[in-house]
Amino acid sequence: MGAASLSSVAPFIAAVVPTRAQMAATLGFHIILACLGIALPSIVLLAEFVGLRRRDETAMRLARRWSQAMGVLIAVGAVTGTVLSFEMGLLWPGLMRRYGAVLGFPFGVEGVFFFLEAIFAGVYLYGWRRLPGWAHFWSGIPIAVSGIFGAMSVIAVNAWMNQPGGFIERAGKVVSVRPWQVFFNHAALYEMPHMILAAYMVSGFLVAGVYAAGVLRGRRDRYHYTGFALGFVPAAVLTPFQIFVGDTAARAIARDQPVKFAAMEYVARTGRNVPEWLGGVYTGGHVYGGLKIPDLDSLLVGFGPGTKVVGWDTVRAAYRPPVAWLIHLCFDAMVGIGFLLLLAGLWSAYEWWRRRRLPPHRLFWWVGAISGLAAIVAMEAGWVVTEVGRQPWVVYRRQTTDAAATTNGGVLVSLSIVVVLYALLGAATILILRTLARRWRRGDLEEGAVPYGPSPAPVLDRTEIV
Amino acid sequence: MAADAVGGILLAGIALYAILGGADFGGGLWDLLAGGDRRGWAPRRLIDDSITPVWEANHVWLVFDLVIFWTAFPSAFADVMNTAALPLWLAVGGIVLRGSGFAFRKEVSRLSLVRATGAIFALSSLMTPFFMGTVIGAIASGSVHANANHASLYAWTNTTSLLAGFLFVAACGYLAAVYLTGEAARRADDKLRVYFSRRSQAAGLVAGALSLGLLAELHSSNRALYRHLTGRALPLVILSGVCGLAVIGLLMIPRMRLWAPRAVAALGVAAVIWGWGVAQYPALLPGTTVTLSNAGAPHAVLVALIVLFGAAVVLIGPPFALLFNLQGRRLLSSDEPPLLSTTDPHAMQDPQ
């Protein structure tokens, strides 16, 4: 991007920077909890299933403990999710005024699934001690299912912002809407599976990471190996599917949002035999520090080196995403981490196939320990690509971000408060999870751990005596 | 016609949030007023036990209402959000602090931390309904203008709005106390039953007085609304008053059936909200020309929302019944012994 275009874009963006920063901060925080809300129930249920089916006390104990952590995470997620629904109106009244009727329907669908999730979470999380085994297991299934459908609904809205359709607008006013066309818009078909798989990878690798860290500290026991495997295996199995979906999505973006794709891949000028850049910073018409692979981008887009790829030269500078290097590096980070996680999965699969064990090497457990954080980084980077890549549009080619933003002042104040509050919230959440873990470790020594039996700890709850 | 139906759905959603979520907020009020660690242990424990499994499901009504509002009446939604940005931000802050304070209190073990998280939970339980009340008051008093693009301080700090804020807090406390009276009775805990029934009666009287004050205030601030409240909405206004008095009376009967005072109290609060809706109809933003029908989204969206609401009733009605049933039969409880009991050894010797 040239200096001239930068100066024309800068004031245009600067006006809404605090608003965007606040949305990015709250959404970036919530999305981690959302991932856990979508996928953690399935992992807990997997552990409970193994526990019930094989009468495996270790798996059962893991399920009980994870569900306690899940309770905290779902509660914090519900809170931060509510903040976002307020922010839709408080930060983006322009968007809601014009398109609220269009993007509202998927949110309404999400509301129904949110209800189901919250209701069954109440039953599942607090039903451990009193509900019979399989009845308790089945009460958790709706949480997992509604997590997936709820995620589909919310992603439908984001996909619609990237590929708006299903409505007719006259003179800046929406006059007719086809709700299901809005829901299953063009981008929904690849955004939905991409994000849901990401949620499962983040949750699975995070769970695995906790126990891998334990193994690294010398806790090489069945409890830690089981905990690791119950998170790692599903996440690793889904990784190749994620890479396939991501690749399909990238090709679809090259077609649907060519300017975003151009920023992702540093395609300055439309042409054939476009090279692929790995890494590198684009400035002043050059890429510095990147690895250039000739023809690869064309090959990836259309399976032939002669494929024409659209560059950002096709639109006016004001309609290009502002920071191509950020989009590109985030895209590379996401893809790179995806492949590293694939390798980790293949490594463990190989060991299992040859020797029926998990890899004993310290390096493997280090990779396992950081896999969850890596998956979070990849997912956040992916969202930066999607969201920054769509700029300056909030609704692609329909409404610019600054037209959507609030005209009320004081966003800097709310941004500052939100950052402080969320930092505290994040710290408290981690602190609580650590407290739980410590308590569990102490309990290891004294706990009889009989699934569905009477509580092993002394009964302090006087309602028990009745 | 479709817009009117969605307006009805929105009002029903607000009533449900006020009744279910409101009772949870009220729990925070009584938690705050329960006194020191020792004296307040028993009521706090009951509040905690009663809210824990259900608060999240109750909270979803808020999100549901927001979504219905912005989908069905996008422009009016933007007007309210712009005008009342400050109290809405404060309510949001309250929601963050409250949800996390409540969730964390269950998991922290040190007494000082239990106190701190408990205080956060209790104070934010007051903040949220108060500021939400001022926003409703701002709408009712006609202070939200069409095509508003700036926040207005006056809109929510006028007497009507502030009275509405206090009324919300009182109504939450009232609902919670009535509900907790029932919970205490279910546990055959006569001491707590009397404790909360006294508070129910007091909160009911305060809420009633605030309602009458608000009505008198509307006489000067929004004459049209006042006229309708004493006109076509009068049956609902009377119903709410009768319900309030009936609850106070029912609670005096020591062997009262558990469900009766709760149902009547919920009906009374619903009657207040429906009275407001009926009196305001067909205006969406009183004092402007914005009505349900002219601010409504395109027809297909409204129809989709009605269908969605029908589906929601069918899909979530039975699970909600299941949740409340299990909660009522006390089949749901925290996995491990609740920590609050461990903080006060005295409590363990408390005879049943």
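All heavy atoms count here, side chains included; hydrogens, waters and symmetry mates do not. Naming convention: chains lettered A, B, ... in sequence-line order (proteins, then strands); numbering from 1 in each chain.
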Task: Aromatic ring proximity B:Trp89/A:Phe86, centre distance under 6.0 Å - done: no
Open item on the list: Looking at chain A, which one of B:Trp61, B:Phe309, B:Phe73 has the largest number of heavy-atom pairs inside 4.5 Å, strictly under?
Closed with: B:Trp61
Open item on the list: Using 0.5 Å steps for rounding, measure from the CG atom of B:Leu305 to the CZ atom of A:Phe105.
Closed with: 8.0 Å
- [ ] Pick one of side chain, backbone, both or neither for A:Val182, based on which atoms fall under 4.5 Å of a heavy atom in chain B.
- [x] neither
TODO: Work out which heavy atom in B:Thr71 is nearest to a heavy atom in A:Gly104; give both atom names and the distance.
DONE: OG1-CA, 3.0 Å
- [ ] Could you check A:Val83, A:Val418, A:Leu84 and say which one makes a side-chain contact (heavy atoms from CB on, under 4.5 Å) with B:Val92?
- [x] A:Val83
Task: Engaged part of B:Val96 at the chain A interface, taking heavy atoms whose separation is under 4.5 Å - done: both
- [ ] Please look at A:Val112 and chain B and tell me whether the side chain, the backbone, both or neither of the residue comes under 4.5 angstrom of a heavy atom of that chain.
- [x] both
Task: Atom pair CD1/OG of B:Ile316 and A:Ser146 - distance to nearest 0.5 Å - done: 11.5 Å
Open item on the list: Could you measure the distance from the CG atom of B:Leu326 to the CG atom of A:Leu131? Nearest 0.5 Å is fine.
Closed with: 6.0 Å
Open item on the list: Within the 3.5 Å criterion, strictly below it, is a donor on B:His150 or A:Thr407 matched to an acceptor on the partner's side chain?
Closed with: no
Task: A:Gly108 versus B:Val67, closest heavy-atom pair with distance - done: N-CG1, 3.4 Å
Task: Under 4.5 Å from a heavy atom of chain A, the part of B:Asn147 involved - done: both
Open item on the list: Is there a side-chain contact between A:Val109 and B:Leu308 in this structure, where contact means two heavy atoms from C-beta onward sitting under 4.5 Å apart?
Closed with: yes
Task: Residue among A:Ala121, A:Ala78, A:Ala118 with most heavy-atom pairs under 4.5 Å to chain B - done: A:Ala118
Open item on the list: Is A:Ser139 in contact with chain B via its backbone, its side chain, both, or neither, using a 4.5 Å heavy-atom distance?
Closed with: neither
TODO: Side chain from CB out, backbone as N, CA, C, O: work out which of these in B:Ala148 comes under 4.5 Å of a heavy atom of chain A, or both, or neither.
DONE: backbone
TODO: Keeping the roles fixed (side chain from A:Asn408, backbone from B:Ala151), state whether a donor-acceptor pair exists under 3.5 Å.
DONE: yes
TODO: Give, for atom CE of A:Met96 and atom CZ of B:Phe69, the distance between the pair rounded to the nearest 0.5 Å.
DONE: 11.0 Å
- [ ] Decide yes or no for B:Pro298 and A:Val175: does some side-chain heavy atom of the first lie under 4.5 Å from some side-chain heavy atom of the second?
- [x] no
TODO: Check the pair B:Leu322, A:Phe120 against side-chain contact (heavy atoms from CB on, under 4.5 Å), reporting the backbone distance first and the verdict last.
DONE: CA-CA 9 Å; B:Leu322 175 76; A:Phe120 283 98; 4.2 Å; yes
TODO: Identify the heavy atoms of A:Leu90 and B:Ala85 that sit nearest to each other, and give their distance.
DONE: CD2-CA, 3.7 Å
- [ ] Applying side-chain contact (heavy atoms from CB on, under 4.5 Å), run through A:Arg97 and B:Asn82 and close with a yes or a no.
- [x] CA-CA 11 Å; A:Arg97 196 185 285 281; B:Asn82 273 327; 3.8 Å; yes
Open item on the list: Could you measure the distance from the CG atom of B:Leu97 to the CG atom of A:Leu424? Nearest 0.5 Å is fine.
Closed with: 9.0 Å
Task: Contact summary for B:Leu315 and A:Leu116, nearest pair of heavy atoms - done: O-CD2, 3.8 Å
- [ ] Measure A:Ile119 against the heavy atoms of chain B and call it side chain, backbone, both or neither at under 4.5 Å.
- [x] both
Task: Shortest non-hydrogen contact from A:Phe114 toward B:Val63 - done: CE2-CG2, 3.9 Å
Task: B:Phe320 and A:Phe115 aromatic centres sub-6.0 Å - done: yes
TODO: Tell me, yes or no, whether the heavy-atom count around B:Phe324 atom CZ, taken from other residues, nucleotides or ligands under 6.0 Å, exceeds 12.
DONE: yes
Open item on the list: For the interface with chain B, which of A:Ile417, A:Val102, A:Leu425 has the highest count of heavy-atom pairs at distances below 4.5 Å?
Closed with: A:Leu425
Task: A:Trp138, CH2 atom: more than 12 neighbouring heavy atoms under 6.0 Å - done: no
Open item on the list: Is A:Leu433 close to chain B through its backbone or its side chain, or both, or neither, when contacts mean heavy atoms under 4.5 Å?
Closed with: neither
Task: Pick from A:Pro179, A:Gly100, A:Gly94, A:Pro142 with the largest number of heavy-atom pairs that fall under 4.5 Å of chain B - done: A:Gly100
Task: Residue pair A:Pro93 / B:Phe77, side-chain heavy-atom distance below 4.5 Å - done: no
Task: Region of A:Ser176 that comes under 4.5 Å of a non-hydrogen atom in chain B - done: backbone
Open item on the list: Looking only at heavy atoms and a cut-off of under 4.5 Å, which of B:Leu302, B:Ile68, B:Leu62, B:Val80 has the most pairs with chain A?
Closed with: B:Leu62
